[in-house]
Amino acid sequence: MSDNGRVSPREQVLSVVARIPYGRVTGYGTIARMTEGTSARSVGSFMRQLPRGHGLPWHRVVRSDRTLADHGGNTHQRELLEGEGIRFDARGRIEPRFFWP
DNA sequence: GACTTGACCACGG
DNA sequence: ACCGTGGCCAAGT
């Protein structure tokens with residue numbers, strides 16, 4: 001924690017992302033609701049600065065419309081998710097049953 | 001401290 | 001179902 005007993009927004013976000021179970025996904029807005037002092041947009045801003053490959057399952061965070069965010073480069077997010085058994089429909093949307101909670 | 005920038009979202013037309 | 005619009009809030013300039 002950083003100031004007066006309250007955990008900083010990004011710490012909370014990191015903590016929630018780390019808790020997303022294997023084989024499930026959640027949305028930016030959902031994370032915003034589980035944390036304080038955040039919005040879906042600010043959650044995305046935090047995620048953007050994360051160094052890749054530090055162990056955090058960043059790929060389990062998707063848009064509320066169940067499509068994958070455009071990260072602006074080669075990311076194998078879809079492959080990573082499919083590797084966990086997550087299925088996409090013909091439109092490129094993750095099937096609702098994989099959402100967490 | 002004002003102004004800009006996003007891995008976003010809900011809603012109306 | 002597809003846009004456009006306004007709202008959101010931490011960070012960076």
Side-chain angles (χ1 to χ4, degrees):
Chain A
M1 6 205 194
S2 27
D3 40 298
N4 50 265
R6 196 168 278 201
V7 186
S8 78
R10 70 183 172 226
E11 294 281 328
Q12 295 181 61
V13 169
L14 298 182
S15 163
V16 171
V17 173
R19 279 204 215 47
I20 306 171
Y22 181 96
R24 314 289 301 283
V25 296
T26 196
Y28 294 93
T30 304
I31 293 174
R33 282 230 34 178
M34 299 191 298
T35 55
E36 289 174 16
T38 66
S39 65
R41 214 158 177 163
S42 57
V43 169
S45 291
F46 294 145
M47 303 285 300
R48 185 168 61 80
Q49 354 176 312
L50 295 176
R52 295 255 215 47
H54 59 350
L56 200 77
W58 59 270
H59 57 284
R60 298 183 190 142
V61 184
V62 303
R63 292 187 179 133
S64 63
D65 68 358
R66 297 151 42 205
T67 62
L68 303 186
D70 183 8
H71 305 140
N74 314 322
T75 67
H76 351 32
Q77 183 173 14
R78 176 159 180 164
E79 298 169 26
L80 291 171
L81 293 174
E82 287 176 332
E84 300 188 2
I86 293 171
R87 302 277 223 70
F88 291 73
D89 65 20
R91 288 272 261 129
R93 299 158 166 280
I94 294 171
E95 295 175 13
R97 59 185 173 124
F98 296 106
F99 269 70
W100 178 79

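We name chains A, B, ... by the order of the sequence lines, and we start the count at 1 in each one. What you see is a predicted model, and the numbers here were worked out from it, not measured in a lab.
One distance of note links CD1 of A:Ile20 with OH of A:Tyr22; it measures 14.5 Å at 0.5 Å rounding.
One atom, CG of A:Leu68, and another, C1' of B:dC9, lie 17 Å apart when rounded to the nearest Å. Between A:Leu81 atom CG and B:dA7 atom C1' there is a gap of 13 Å when expressed in whole angstrom units. Atom CG of A:Asp70 and atom P of B:dC8 are 8 Å apart (whole Å). Spacing between atom CD1 of A:Ile94 and atom C1' of B:dA7 amounts to 13 Å, rounded to whole angstrom units. A:Asp65 places its CG atom 10 Å from the P atom of B:dC8, with the value rounded to the nearest Å.
Among pairs with a residue in residues 55-100 of chain A, those fulfilling ring pair (Phe, Tyr, Trp, His ring centres under 6.0 Å) read A:Trp58-A:His71, at least two apart in sequence or across chains.
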TODO: Produce a footprint string for nucleotides 1-13 of chain C: one letter per nucleotide, 5' end first; B if the base is under 4.0 Å from any protein heavy atom, S if only the sugar-phosphate is, - if neither.
DONE: SS----BBBSS--

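Counting any heavy atom pair closer than 4.0 Å across all strands shown, A:Arg63 reaches sugar-phosphate atoms only and no base atom.
Under a cut-off of 6.0 angstrom, the local environment of CZ in A:Arg93 is crowded, with over 12 non-hydrogen atoms contributed by other residues, nucleotides or ligands. Other residues, nucleotides and ligands place more than 12 heavy atoms under 6.0 Å from the CZ atom of A:Arg60.
One hydrophobic cluster, built from ILVMFWY side chains closer than 4.5 Å, cannot hold both A:Met34 and A:Val7; they sit in different ones.
Side-chain atoms of A:Ser42 do not come within 3.5 Å of backbone N or O of A:Thr38 as any donor-acceptor pair.
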